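Here is the structure we will look at, set down as structure tokens.
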Amino acid sequence: MADFKLIGQSFAPQDLVAKITGRAKYAEDFRAEGMLFTKLLSSPMPHCRVRSIDYSAALELEGVVAVLTPDEVPQEEHPFEPALTNEPVYEGEPILAVAAVDEVTAANAIELIRVDYEPLPFVLNPLDSLRPGGPDANTGGNVYNGREITTLKWDQSVFDGVGPDQMPIGPGTEEDQWEYGDLEAGFANADLVIEETLYCQSVSHHPMEPRTSMAYWQNGKLYMHGSAQSTAQARRAIADRVGVELDDVFFIAEYCGGGFGSKIRGSVLEVIPALLSRKAGRPVMMRITRAEETMMGRARPGMLGHARLGMRRDGRITALDLFLVQDNGPYSRQGDSSTSGDVSALGYTPEAMRASTVSVLTNTPPRAAQRGPGGVQIVSMLAPVVSRAARQLGVDPLQVHLVNAPNHETEFGRGPYPITSAYVTEALTQCGELFNWSERRQRSGQRNGSKVRGVGMALSPYYGGTSGWDGLVVIRPDGKLYIHQGVGNLGTHSVVDTAKAAAEALDFPWENTEVVWGHSSRHLPHSSSQSGSQTTHAHTRANWVVGEFAKTLLQELAALELGGSSSAYQVSGGRVFGPGGSLTFAQAAERAIARGGKFDGHELPEDINDMTRTSATALAGQGLVAAAKDNLPHTARTYSFVVSMIELDLDLETGMHEILNVTSVADCGTVLNPRSLIAQGNGGVIQGIGIAQSFKWAIDPTWGVHLSKRIEATKPPTMLDIPTELIFAAVDLPDPQNPVGSKGIGEPPVGAGAGALVCAIEDAMGGQHPSHQPLTPDKILSIVENDCLPCGRLETHV
Amino acid sequence: MEKLDLRSRVERSVSRRTFIKGVVATGATVSAGAYVLRSSGASTASAQGAVERLVTLRVNGQDRRVDVMKQETLAMTLRYKLGLTGTKIGCDRADCGACTVLVDGVPKYSCSLLTHQVRGAEVTTIEGLANGDELHPVQQAVVDEAGFQCAFCAPGFIMAMVGTIQESPSLTRDEMAHALSGNLCRCADYPKILNSAMRAAEYMRSTTA
Ligand code: FES
Ligand code: FES
């Protein structure tokens, strides 16, 4: 592997000072001349039709400027989500918006609106919708089959004789079933076959910054200040949603106060200030409250399911039969259930496996990918099943993971899919050493008063990157290297860290580099969305490629200017030098402008995306402009892996636990920025622990209304719920299909943290386990006392 | 429940423009542009039965004259009238701590304080910490530890750190976690935030020593 100067070093991102002095502007911090505020009228019930609506009194209130109705926003066929609707499919769904001179006036105007609602049947628990004659969340059907919504009702016989805590297993939808290997032979060869009902709750993303946005129009162009994880892709989404040309949208999102998958391409709600502003002829600010964020923000789909797992005495998993029913929420199809199958196939490499899933529509808040979508649910549900099987066979759980670990040659799942790299054995071994697994494992089950020690672990694989995106850099006459990034700045530091690949390829000092991001008028390239842990891999590739391309241009330019062949020139330290002498980057930029053509962006490569072409063309003539598409080979799927180990004390008197140690190790290829990696890793692990131990929501089953609209009521992890120190490390071995060796890391730590916490509790309870997340003290105590759970095993949203 | 008759109240109230004119004529109130005046329109005040009053606040060492409604929270005044948008609103309900500022040196949730309650008190926001380009030791510690991810929680956490460390400069890591536990970080950057806080305490001890 090459000797890197920037890759692998810890840097504080260059936007940090702005963030901690209050200068960084998030969407709500912008003001525009004549700005109005909007408030939303939203549905008071989970499913209804608006029969009639009278907003005349609202319009007459002094200070009210405009009203926006569903008829004025693009209404696409379900399952696409409109910004305003006359047939709300979840409580809190926006119906109408009022713009007024201030927020209180807008809120008062909302109170003056008279609406006649026709309540429609609603469904909260997916199983209710699958029963014969069960309600449908949408008038068009109740399940997804591929991209289509269809109707699926199971025969009564599926439910007959199935106890209330037992998962009924009916047919899945056609497109969501696959299997490989000989399942029955797998179970026959197993020394132990274990079955379990599975449950993982739905949870809101709750980024710290709600999805506030502000919009105005100037000369027919839309200026949108939003909160988005991505810039280039969010801008495209806004243009599509509002129905204007891409070139007519300026998107400004330099900072994003967290997204976790809920703001991948911004938010559908941005349509509201955009259209209200066009109608009112004035800027419109839409502040989203925390209660609104709970409803209109996004959430992770919950899952109900059943697993049957066969294990040999040596720990090898011979067969896995997985059945999952996904709580899809009311709108777009969620990929979690399908990803769950892939993640278990890769993490445990069963000799034979079958996955069958159904994604059922419910009248609950809309879902979106949430950090480790599908991975978190399946790892936290399946890891304790594996752990219990290991206990019954007397095999050490670490040994089980080692026996089943994927490696570089693994081809997994339904494909079977080859992978670019898997240093899983290395990660398991390193984590075992760091955590001191064998010694801590000795303490498993030890009693100290009412407390009992538990030690658990989990392995979480997740997609680690895409490819084929563009890079764009400019060397200006000021001698600086400007790296344009269309990915967003959601706090992962990857907007800065991936830019380093371009500087690295040019062997250029980081101090003279400027990363350009966050505002589409700054000419950004076609970049990936900041989601699915793809950025690190995708944009180290794209930036490396464009860095190399800029280097080629510098060499050619030097040969033309100074004589000799281009290959005799080298680029390093901000200079290009060779037989004819040398040019500084500042001089090269001037010569590039003088020569024009391919050197200053007037001629561009054929294969770059139109968005990149437009940006590069706008920059043409300002220096040496290089734009390039990542055409490097990518012949297999890229996955990253995290293993977490947790030791805790569970108090059998109170049902509470105290976490004593959390140690995690990642295989995410070469480490780009160690300090940022540790933060990403630990942050993800803590989020996972939070989901497993306390984070949830509650919905009233009778009326279908949300009972936890305050963030505190959802019990996210605080500083006191985790140890004050956590250990996170990486194997730091390169992926062969990335020029700097890196793979993504955002997602896999969440599943690892959640799974390890559940397994540590399962261990402390001697193999018993509520199988109903989160593992709140009431559920723990009911198991300890051999009582029934405080809720049904398959009861959702409790 | 009986519906408030908002419109008649609007009509009874002082006209917004008259009020604004009066304020502008005095020439003394804070002017954050037309925006401030609009967001303090008479319809707002009347709807709540409140009339704005011109008050003087001491913010970041300066006297700022500003018109506020009776029910206005400090977070709203800071952000929407004084243009100090560094203070963030994460929940507006005393759940998250994103809005934390110092009131006479004590960390307080500005979303849950009425602006009228802090008249005569010294209010410090995130904008008031650095001295020009020179960062406050707590901010410097955060930079040196690369604290925070999305940083929406950062202003609140940093104000809580400043207040805590000024009061108790030698806390253990555990005690610091307790002191800062009124602030949520959804990115869960807690370990790095604690590193920053411990380093900050060290810097502050050495600057006062
Ligand atoms: S905004 Fe004040 S505590 Fe959350
Ligand atoms: S850094 Fe994102 S909420 Fe704290």
Side-chain angles (χ1 to χ4, degrees), chain A residues 10 12-13 16-17 19-26 28-29 31 33-35 37 57 60-63 101-105 108 111-112 206-209 255-258 260 289-290 490-493 675-676 678-680 682-683 686-687 690 710-712 716-720 722 724-726, chain B residues 3 6-7 10 32-35 38-41 43-44 47-48 79 83-93 95-96 98 125-127 129-130 135 139 142-144 146-155 158 173-174 177-178 180-181 183-194:
Chain A
S10 286
L16 184 55
V17 170
K19 282 171 167 173
I20 62 164
T21 49
R23 292 207 303 272
K25 283 199 185 312
Y26 298 75
E28 199 193 313
D29 301 336
R31 309 285 176 256
E33 189 65 31
M35 189 170 89
F37 287 83
E60 281 169 34
L61 186 66
E62 185 184 326
V101 291
D102 60 56
E103 216 172 46
V104 182
T105 305
N108 288 337
E111 293 297 312
L112 297 173
H206 273 313
M208 207 69 215
E209 179 201 20
Y255 298 92
C256 171
F260 318 124
T289 65
R290 181 54 60 183
L490 73 164
T492 61
H493 303 177
R675 196 164 47 187
S676 297
I678 292 170
Q680 272 297 295
N682 281 333
I686 296 169
Q687 286 186 339
R710 286 177 62 159
I711 192 166
E712 194 50 38
T718 75
M719 240 182 213
L720 300 181
I722 42 139
T724 59
E725 263 162 307
L726 292 86
Chain B
K3 202 89 196 159
L6 301 175
R7 291 193 54 219
V10 170
Y35 171 79
R38 250 192 312 283
S39 65
S40 58
S43 59
T44 298
Q48 304 293 322
R79 289 182 50 79
L84 296 170
T85 54
T87 298
K88 301 298 179 215
I89 297 178
C91 69
D92 218 6
R93 291 289 184 278
D95 279 351
C96 75
T125 72
I126 189 78
E127 290 91 343
L129 290 185
L135 296 178
Q139 289 169 317
V142 173
V143 170
D144 294 346
F148 300 102
Q149 296 182 30
C150 79
F152 201 75
C153 67
I158 290 172
R173 200 174 164 93
D174 265 353
H178 273 88
L180 301 178
S181 65
N183 290 63
L184 279 179
C185 174
R186 281 293 296 136
C187 300
D189 204 28
Y190 296 131
K192 202 145 57 59
I193 294 172
L194 272 175

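Protein chains get the first letters and strands the later ones, always in sequence-line order, with residue 1 at the start of each. As the structure is a computational prediction, the values presented were derived from the model and not from experiment.
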Original post:
Is it the backbone or the side chain of Ile722(A) that comes under 4.5 Å from a heavy atom of chain B, or both, or neither?
Top reply: side chain
Subject >> Side chain, backbone, both or neither of Thr289(A) within contact of chain B (heavy atoms, under 4.5 Å) >> reply: neither
Subject >> Heavy-atom donor-acceptor pair, Tyr190(B) side chain to Pro717(A) backbone, under 3.5 Å >> reply: yes
**OP:** Heavy-atom pairs under 4.5 Å with chain A are the metric here; pick the option from Asp144(B), Val143(B), Ile158(B) that has the most.
**Re:** Val143(B)
Original post:
Can you check whether Gln149(B) reaches Gln680(A) side chain to side chain, under 4.5 Å on heavy atoms?
Top reply: yes
Original post:
Do Arg173(B) side-chain atoms and Thr724(A) backbone N/O form a donor-acceptor pair below 3.5 Å?
Top reply: yes
Subject >> Test item: Gln687(A) side-chain N/O and Ala188(B) main-chain N/O as donor-acceptor pair under 3.5 Å >> reply: no
**OP:** Using a strict cut-off of less than 4.0 Å between a Lys/Arg side-chain nitrogen and an Asp/Glu carboxylate oxygen, indicate whether Lys88(B) and Glu209(A) qualify as a salt bridge.
**Re:** no
**OP:** Can you tell which part of His206(A) gets under 4.5 Å to a heavy atom of chain B, answering side chain, backbone, both or neither?
**Re:** both
Original post:
Side chain, backbone, both or neither: which part of Ile711(A) has a non-hydrogen atom closer than 4.5 Å to chain B?
Top reply: both
Original post:
Within the side chain of Arg710(A), is there an N or O that forms a donor-acceptor pair under 3.5 Å with the backbone of Arg93(B)?
Top reply: yes
Subject >> Ion pair check, Arg79(B) and Glu28(A), cut-off under 4.0 Å >> reply: yes
Original post:
Do you know which of Ala151(B), Cys185(B), Cys153(B) has the most heavy-atom pairs under 4.5 Å to chain A?
Top reply: Ala151(B)
**OP:** Taking all non-hydrogen atoms of both residues into account, name the closest pair between Cys256(A) and Cys150(B) and its distance.
**Re:** O-CB, 3.3 Å
Original post:
Would you find a donor on one side and an acceptor on the other, under 3.5 Å apart, between the side chain of Gln139(B) and the backbone of Ile20(A)?
Top reply: yes
Original post:
What residue, out of Pro155(B), Cys187(B), Gly147(B), has the most heavy-atom pairs lying under 4.5 Å from chain A?
Top reply: Cys187(B)
**OP:** Calculate, to the nearest 0.5 Å, the distance between atoms CZ and CD1 belonging to Arg290(A) and Ile89(B) respectively.
**Re:** 11.5 Å
